[in-house]
**Q** 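Supplied in C-alpha cells, the structure appears directly below.
Each chain gets a letter, A, B and so on, in the order the sequences are listed, and its residues count up from 1. Quantities reported herein were computed from a predicted structural model and do not represent experimental measurements.
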There are 2 protein chains.
Amino acid sequence: MGFAETFKALADPVRREILILLKQGRLSAGEIGSHFDMTGATISYHLGILKKADLVFETREKNFIYYELNTSVVEEVMLWLSELKGGNEDAEK
Amino acid sequence: MGFAETFKALADPVRREILILLKQGRLSAGEIGSHFDMTGATISYHLGILKKADLVFETREKNFIYYELNTSVVEEVMLWLSELKGGNEDAEK
DNA sequence: TAGTTATTTAGAATTTTTTCTAAATAACTT
DNA sequence: AAGTTATTTAGAAAAAATTCTAAATAACTA
C-alpha cells in the first residue's frame, strides 16, 4: 500500500476519469479505452497504476479483463485527509 | 484550484510530511527545512507546489515567511473522494 | 550604509512519468 | 490447428518532477 502510490495514481486526470467511469459498474479494458483518445497500451499502463494503488481490481472472464472500483483504499485516503484537516473530530463522537 | 495539482502535491512524501508538521501550527520556511535533509532551495520548491495547490498559505513577518495549513482544499478533496466512493450517501441524509 | 539572515529564483543534472509502436500472451472461434 | 480478438509487455522518445549549487531578493541589524 502506501499513500504515495495512491495519491500519485489519483493525480492523473485520465486515471481519475477511469475511476469515475467505474463508479457505474465494472468495465473491460477495451470499454474503458473507448472513452479516451489513446492507445490500448496506454490505457493498460494507467490501469496498471490504478491496480498497483489498489484503487481497482480485475476479474478475468472469457478473453476480457474487467476492472472494478475498490473503494476501501478511497476510505483510507479520506481518513488520512480528515486526520490532517483537524485533529479528527470524528474519533471523538 | 484543480484536483490534478492537489493530488500531485499530496503525492510527494516530503510534502505530506510538511503538511503534517503544519498541523501543529505555522512554521517558517527555515523551521520546516530543519526537519529534512535537503537544501533550503528544495524545501522552497516543495512549499511552492503546496502553495500553488492552495494546501498552504504564507504570511510574511519580519524577514521570515511563515507557512500555514489551508484546510479548505482538503475538504474539497474529501468531497470528491466521497462522491467516488459511493453515490454520496451523505447528500441523502 | 554595509553586513547578516531568511528565503526564493535560475539553471543544470538526474530521475520519473507518460505516451507511442511493435511484439508477445491469452483465450476464444472456426 | 490456425486465425481472431482483447489485453499486456518491452523498448524508446518526449515531457515533467525532483534535487542540487550558485546567485538574487528582501528585510532586518549594527
**Q** Can you run down the side-chain hydrogen bond (donor to acceptor under 3.5 Å, both in side chains) pairs that involve residues 34-43 of chain B, sequence neighbours left out, and say none if there aren't any?
**A** B/T39-B/T42
**Q** State, with a plain yes or no, whether a side-chain heavy atom of A/L55 is found less than 4.5 Å away from one of A/N70.
**A** no
**Q** Please state how far atom CG in A/L50 lies from atom C1' in C/dT17, giving the value in whole angstrom units.
**A** 14 Å
**Q** Do you know which two heavy atoms are closest between B/L81 and A/V74, and how far apart they sit?
**A** O-CG1, 3.6 Å
**Q** Which atom pair, heavy atoms only, marks the closest approach of A/A29 to A/I43?
**A** O-CG2, 4.2 Å
**Q** Reading nucleotides 2-8 of chain D from the 5' end, what letters show protein touch, with B for base, S for backbone sugar-phosphate only, - for no heavy atom under 4.0 Å?
**A** ---BSSB
**Q** Any side-chain N or O of B/H46 less than 4.0 Å from the OP1 or OP2 oxygen of D/dT19?
**A** yes
**Q** Is any side-chain N of the basic residue among A/R26 and A/E31 closer than 4.0 Å to the acidic one's carboxylate O?
**A** no
**Q** Hey, which sits more toward the 5' end of DNA chain C by its nearest nucleotide, A/E61 or A/I49?
**A** A/I49
**Q** Let's go through A/L10 and A/R15 carefully: what are the C-alpha distance in whole Å and the side-chain angles of both, what is the deciding distance for side chain to side chain contact (heavy atoms under 4.5 Å, CB included) to 0.1 Å, and is it a yes or a no?
**A** CA-CA 6 Å; A/L10 289 167; A/R15 292 192 289 262; over 6 Å; no
**Q** Using salt bridge (Lys or Arg N to Asp or Glu O under 4.0 Å), reason through B/R60 and B/E58 one step at a time and then give a plain yes or no.
**A** CA-CA 7 Å; B/R60 287 159 184 268; B/E58 62 179 37; 3.4 Å; yes
**Q** Using five pairs at either end of the helix from C/dT1-D/dA30 to C/dT30-D/dA1, determine the angle between the two local helix axes and round it to 10 degrees.
**A** 10°
**Q** Atom CE of A/M38 to atom P of D/dA14: distance rounded to whole Å?
**A** 17 Å
**Q** I need the CD1-C1' distance between B/I18 and D/dT18, as an integer number of Å.
**A** 13 Å
**Q** Using whole Å, what does the distance between atom C1' of nucleotide C/dA27 and atom NZ of A/K62 come to?
**A** 10 Å
**Q** Can you give me the closest heavy-atom contact between B/L84 and A/I20, atom names plus distance?
**A** CD1-N, 4.1 Å
**Q** Whole angstrom is fine here: how far is it from CZ in B/F36 over to C1' in D/dT19?
**A** 14 Å
**Q** Are B/F7 and B/W80 close enough, and set up right, to give a side chain to side chain contact (heavy atoms under 4.5 Å, CB included), and what steps lead you there?
**A** CA-CA 11 Å; B/F7 282 122; B/W80 187 89; 4.0 Å; yes
**Q** Mind calculating the distance between CG (A/D12) and C1' (D/dA16) to the nearest angstrom?
**A** 12 Å
